[in-house]
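Everything on this sheet refers to the single structure shown next.
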Amino acid sequence: MNRLVLPAVLLLTLTGCLSPVTRRLDETNQRLEEIQRQLAATNSQLGETTAELRKVEAHLDESSGRLRNVERYLKRFGGGAEAAAPPVPGQP
């Protein structure tokens with residue numbers, strides 16, 4: 001059986017019967033390479049976006065800390081604008 005496989009493959013190759021199959025395989029490989037390039041670019045963008053989001057998060061944490069300090073300061077001296085503003089009718 002093994003001796004028949006090699007001559008059969010050679011015969012099919014020489015007669016051009018495998019060219020449609022190999023052409024489709026080549027096209028599929030090209031598509032996969034393009035998808036791989038796109039994934040690499042997307043992965044790079046994701047890394048950049050993650051780094052940018054970490055910076056934004058750190059900035060927000062810093063701003064929250066500053067606002068907490070301002071809020072504490074305002075509470076010491078009368079509670080800030082919320083305490084001084086008259087109540088609006090219809091709002092709790």
Side-chain angles (χ1 to χ4, degrees):
M1 179 74 178
N2 287 340
R3 285 184 263 178
L4 293 176
V5 172
L6 183 61
V9 170
L10 287 174
L11 180 63
L12 290 173
T13 303
L14 292 176
T15 59
C17 292
L18 293 179
S19 66
V21 173
T22 57
R23 183 174 32 90
R24 284 189 226 134
L25 286 174
D26 290 339
E27 290 171 358
T28 303
N29 282 337
Q30 288 175 351
R31 287 186 202 132
L32 288 174
E33 288 172 358
E34 179 62 29
I35 290 171
Q36 187 176 14
R37 284 190 293 273
Q38 290 175 353
L39 283 174
T42 302
N43 193 25
S44 174
Q45 289 175 347
L46 182 61
E48 292 170 5
T49 303
T50 301
E52 188 66 30
L53 284 174
R54 285 187 180 138
K55 289 179 187 177
V56 169
E57 184 178 12
H59 181 71
L60 285 174
D61 288 342
E62 182 182 331
S63 297
S64 292
R66 288 180 182 170
L67 287 174
R68 275 192 294 275
N69 291 338
V70 169
E71 185 178 10
R72 279 190 227 131
Y73 179 78
L74 289 175
K75 282 184 181 178
R76 283 187 207 165
F77 297 104
E82 294 87 18
V88 177
Q91 288 187 342

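The first residue of the sequence shown is numbered 1, and numbering continues consecutively from there.
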### Query
When you check the side-chain N and O atoms of N69 and R72, is any donor under 3.5 Å from an acceptor?
yes
Run the side-chain donor-acceptor check on residues 39-57: report pairs under 3.5 Å with partners two or more places apart or on a different chain.
residue: T42; atom: OG1; partner: Q38; partner atom: O; Å: 2.9
residue: T49; atom: OG1; partner: Q45; partner atom: O; Å: 2.8
residue: T50; atom: OG1; partner: L46; partner atom: O; Å: 2.8

### Query
Any ring pair (Phe, Tyr, Trp, His ring centres under 6.0 Å) pairs touching residues 32-76, not counting sequence neighbours?
Y73-F77
### Message
For R37, I'd like to know if atom CZ has over 12 heavy atoms of other residues, nucleotides or ligands within 6.0 Å.
### Response
yes
Counting only pairs under 3.5 Å, give me each side-chain donor-acceptor contact of residues 24-33, with atom names and distances, residues two or more places apart or in other chains.
residue: T28; atom: OG1; partner: R24; partner atom: O; Å: 2.8
residue: N29; atom: ND2; partner: L25; partner atom: O; Å: 3.4

